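Step one of this worksheet: look at the structure below.
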Amino acid sequence: MKFSYELDELVDLLVPKKVVGHTSFPISHIESLTKTKEGGISFLGNPKYKKDAAISQASVILLPMGLDLTPKANQCFLLFDNPSLALGKLCRDIEEKYCPHPIVGTHPKAIIDATVSIGQNVSIGPNVVIEANSTIADNVVIMAGCYIGHDVKIGDNSVLYPSVKVMDFCEIGSRVTLFSGAVIGSDGFGYETVDDIHEKVPQIGNVIIEDDVDIGANTTIDRARFSHTKIGKGTKIDNLVQIGHNVIIGSGCLIVAQTGIAGSTTIGNHVVIGGQVGIAGHLNIPDGVMIAGKSSVANYKPKMGKILRGNPTMPINDANLFYVLRSRIPNLFDRVLKVEESLRELLSK
Amino acid sequence: MKFSYELDELVDLLVPKKVVGHTSFPISHIESLTKTKEGGISFLGNPKYKKDAAISQASVILLPMGLDLTPKANQCFLLFDNPSLALGKLCRDIEEKYCPHPIVGTHPKAIIDATVSIGQNVSIGPNVVIEANSTIADNVVIMAGCYIGHDVKIGDNSVLYPSVKVMDFCEIGSRVTLFSGAVIGSDGFGYETVDDIHEKVPQIGNVIIEDDVDIGANTTIDRARFSHTKIGKGTKIDNLVQIGHNVIIGSGCLIVAQTGIAGSTTIGNHVVIGGQVGIAGHLNIPDGVMIAGKSSVANYKPKMGKILRGNPTMPINDANLFYVLRSRIPNLFDRVLKVEESLRELLSK
Amino acid sequence: MKFSYELDELVDLLVPKKVVGHTSFPISHIESLTKTKEGGISFLGNPKYKKDAAISQASVILLPMGLDLTPKANQCFLLFDNPSLALGKLCRDIEEKYCPHPIVGTHPKAIIDATVSIGQNVSIGPNVVIEANSTIADNVVIMAGCYIGHDVKIGDNSVLYPSVKVMDFCEIGSRVTLFSGAVIGSDGFGYETVDDIHEKVPQIGNVIIEDDVDIGANTTIDRARFSHTKIGKGTKIDNLVQIGHNVIIGSGCLIVAQTGIAGSTTIGNHVVIGGQVGIAGHLNIPDGVMIAGKSSVANYKPKMGKILRGNPTMPINDANLFYVLRSRIPNLFDRVLKVEESLRELLSK
């Protein structure tokens, strides 16, 4: 992406507490301190990287107040209470000014049933299909190739990236982002096995995604057997995650990539789940629990505490201790063998 | 989904062994016993939840015969040998009557090569692409945006949800369901490394999916290097599963989400594989083996028995014992230290 | 796939060092030694399967020089220094002659912005969408339903299978293959949590995929927060892999299915990563490291050596030793108990 900011523009935009030095280079790239070159901007998020700032070739560096560094020739330091927030502000400005914005209106190659209700200021891309009786609220963006089933509701200001699928009867809240390839409302994995034949259990529930949720690319969220699979307000889910049927997830959770949650499990509010975690079905994970990446949760009891790790999970301190001792186990076998030999000698005397 | 059943209709449909009490509410939702409200129906699948039935606000409850509970005012109990089967019957009726059904015929925005053979009563949605020489049997449903390559065969009564990809030369049986985003017949991951360069090994085989198979959303099944990758009759595969090239899976297996099976492994009949399991390549897993979720199978020998767990897998009893002892290992180190000290004292006497 | 080779054609194509015996069957399938039938060709890659060659029903078998086997009636042996390479040559010939080739030109149902630059000999399938200012070099194949965002560059001779998504500003090199459903350049999973609300951090970087890279089906590679997520030259990535934002992967790596690499981690050159591996964020994995399948890498230090295994990873010999001892741990508990009892007896004397 090409962008360009003169030093004056940056100062006007970010309003630093202090400006030290000056640069004549327009700023056209953002990089880490050691990779930035002339015309680049960088930032010091963590004081332990102060050395990197001292040798950085960046033309502009965002620094925390109180750092005793002197800019080189043609280099400018902008000082803030929180340089990371200042960088975020710049990134949002770049996004606003330099990233392409969806075109309001329905592309002529979209295929939309006559019964669909579409709000104000909606953008619908080419090859989008929207089936009967669905409702699209104001300011929604539905990008190329998305499929919206029958009787779907999509709340205002939500964004669907290319090739998202939202199946019949699902409900998407406001300000929800669904990234490319996500499948919302595919059938749950439910079978009754009679005489070795797996007969499908009908999956007639839906998925409800509350406001301010993000769902990552190629993530799959299954519809309920009946009633609802639910993702609570403000929860953020990463790529390639699997959410089973009838799972209920609370608000404000973070679920990292490739995690799987089996059917009918309930997750509380503000739960944080690392990547590649597996959680068994029919469990109840309370508010505020944190689960380390690659863990598997076979059950949960309050005495396990709030931070879990392991396969299957233990309280994190137990898990960390086990991982330390694990490498000393060969030595423990040797020690026990020596003890046995000593004892045998003692006893034979 | 909106539906409505008067009590009379329910009784006619489900034919209970006994009717106790009466309700005037039409039934318009299904929920668990503790969540159901007026106008709702629920069921008691497991007698241990009898307490929930006693306090449920459901207007109709499906119960097993022989339960001594009395309905509240305006509440009706329907008694069955198997209430779960009765609920299944109701769900299938709702599916039949209230879920949208695909429209027979080819959507004008489908793009189908002139050489494609299409059976009777087929439904092909918008933006579907079918390449030359493919054959689509009777009663097949291919939903929006699917891609069917060259020389593909799809058997009767199969259903392809939106955006399924079936690549050249693959063969899909009868009554197969492929859920959204599944990729059938992508190239296997095969390279020969010569002088540090990974040269691609041509993947000219195909994928054969036998009758009555389900394949989950965003699952990927790779085509064989040559000959076939094969999924046996009646096997059900969940979402985000990876099946490598030349894998042969028997009939009646269940494979839960996010599992991966590496190339050239053979899986017998009626094998059950939990979620997030990894199975190495070139293995032979015999009929009836069960593998607990999150396990990894590095090899298989008959003495391991039929139920496996762990990373890498052990016989399940060994794995369960290890997981119990694991938390006592710190204590074992302490005990060995004490023993060593005692011995040292004894020897110094 | 149907193909047919007379023995003469095979000899002309493969140029064996020696021909023993003769077959009149035209060759129309390739299979393993024990599964091949009349009219089939097979090969002996590993001398330990010599027995299989002796009983094989294949009409033609590719064998290593110096094997003292005699063909049956109507069976022909073709001898090579490397029979596996000869088979590869045959497979490439079949691919060339019998697999469908993309049609050069832009399908009338593709939707391409007027500002897009398209090279010579390019094939663009139906329902492809290419947004403004993108550049497609010579000999590129973009199959049905792909989405190419704004300002994307795709290098010459690259192939995009159906329904690949390449988001705004990403850069794809030459001879790159992106398999079906891959998502290149979705937003990284970055939030700042303020008062329990997860606020999205703008993701304004891109993804750069260098020359000769393959990316598997339904794999997701996130765009950088700023600057680049990068996949180095000649690296091959399997299906359903997750690459986080700002990850830098070197050249010539192999990354097997369902592996996940968290944000800002750097992977060196010629690193080999097994299936279902998890690698934490902000790590630095040096050149030539190999990581066994299902492992999780929480950190890396040079003393760990170059081959890692375990959850979390250990040097592979330590991991293998631990897995052997793991099954003897119950016995170790018994031994320590006996030792304690003996000691108690001794001390009580």
Side-chain angles (χ1 to χ4, degrees), chain B residues 111 127 129 131-132 145 147 149-151 163 165 167-169 181 183 186-187 189 191-193 196-198 200-206 218-220 222 225-227 240 242 244 258 260 262 276 278 280 296 298 310-312 314 318 321-322 325-326 328-329 332 335-336 338-339 342-343 346, chain C residues 1-2 29-32 35 84-85 87-88 91-92 94-95 98-100 107 109 125-127 143-145 161-163 177 179-181 212 214 216-218 234-236 238-240 252 254 256-258 270 274-276 293-294 311 323 326-327 329-330 332-333 336-337 339-340 343 346-347:
Chain B
I111 298 168
N127 302 331
V129 174
E131 305 278 16
Y147 175 84
H150 300 74
D151 295 270
S163 203
K165 276 76 68 176
M167 305 308 290
D168 298 345
F169 301 107
V183 179
S186 195
D187 279 8
F189 194 67
Y191 299 90
E192 280 191 29
T193 303
D196 275 353
I197 305 292
H198 308 302
K200 189 169 165 61
V201 175
Q203 306 287 313
I204 63 168
N206 73 349
N218 286 346
T219 281
T220 56
D222 283 349
R225 180 181 171 189
F226 47 80
S227 71
L240 292 168
Q242 154 70 3
Q258 296 177 317
Q276 297 187 336
S296 64
N311 181 4
M314 298 186 275
D318 294 1
L321 177 57
F322 171 69
L325 295 179
R326 190 181 57 157
R328 298 187 200 153
I329 283 177
L332 189 67
R335 288 164 62 191
V336 171
K338 269 186 202 145
V339 163
S342 297
L343 257 181
L346 262 176
Chain C
M1 192 188 324
K2 277 175 192 151
H29 72 273
I30 309 175
E31 258 289 9
S32 58
K35 288 186 183 167
S84 185
L85 282 185
L87 183 77
C91 289
R92 262 184 295 276
I94 292 170
E95 206 174 31
Y98 295 92
C99 286
H107 193 280
K109 294 290 168 65
N127 301 331
M143 292 177 71
Y161 277 83
S163 204
T177 303
F179 286 100
S180 280
D212 300 303
D214 291 356
N218 285 346
T235 284
K236 312 294 185 184
D238 200 353
N239 298 343
L240 292 169
L254 292 173
V256 180
Q258 295 177 317
H270 301 291
Q276 296 187 337
K294 200 75 171 185
N311 181 4
Y323 293 135
R326 191 181 56 157
S327 60
I329 283 177
L332 189 67
F333 274 85
V336 171
L337 191 65
V339 163
E340 288 170 333
L343 258 181
L346 262 176
L347 289 167

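For the numbers below, each heavy atom of this structure counts, side chains included, while hydrogens, waters and symmetry mates do not. Not measured: the values here are computed from a predicted model.
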message = Measuring from atom CG of B:D187 to atom OH of C:Y161, what distance do you get when rounded to the nearest 0.5 angstrom?
response = 5.0 Å

Hey, which of [options] has the most heavy atom pairs under 4.5 Å with chain B?
options                       : result
C:L240, C:V256, C:L346, C:L85 : C:L240
C:K109, C:R326, C:M143, C:R92 : C:R326
C:E95, C:K35, C:H107          : C:E95

Would you say the side-chain atoms of [X] pair up with the backbone N or O of [Y], donor to acceptor, closer than 3.5 Å?
X      : Y      : result
C:Q258 : B:Q276 : no
C:D238 : B:F189 : no
C:N218 : B:G181 : yes
B:H198 : C:G252 : yes

Any side-chain heavy atom of [X] sitting closer than 4.5 Å to one from [Y]?
X      : Y      : answer
B:M167 : C:P162 : yes
B:I329 : C:I329 : yes
C:L87  : B:R225 : yes

query = Given that the side chain runs from C-beta out, which part of C:T177 has a heavy atom under 4.5 Å from chain B: side chain, backbone, both or neither?
reply = neither

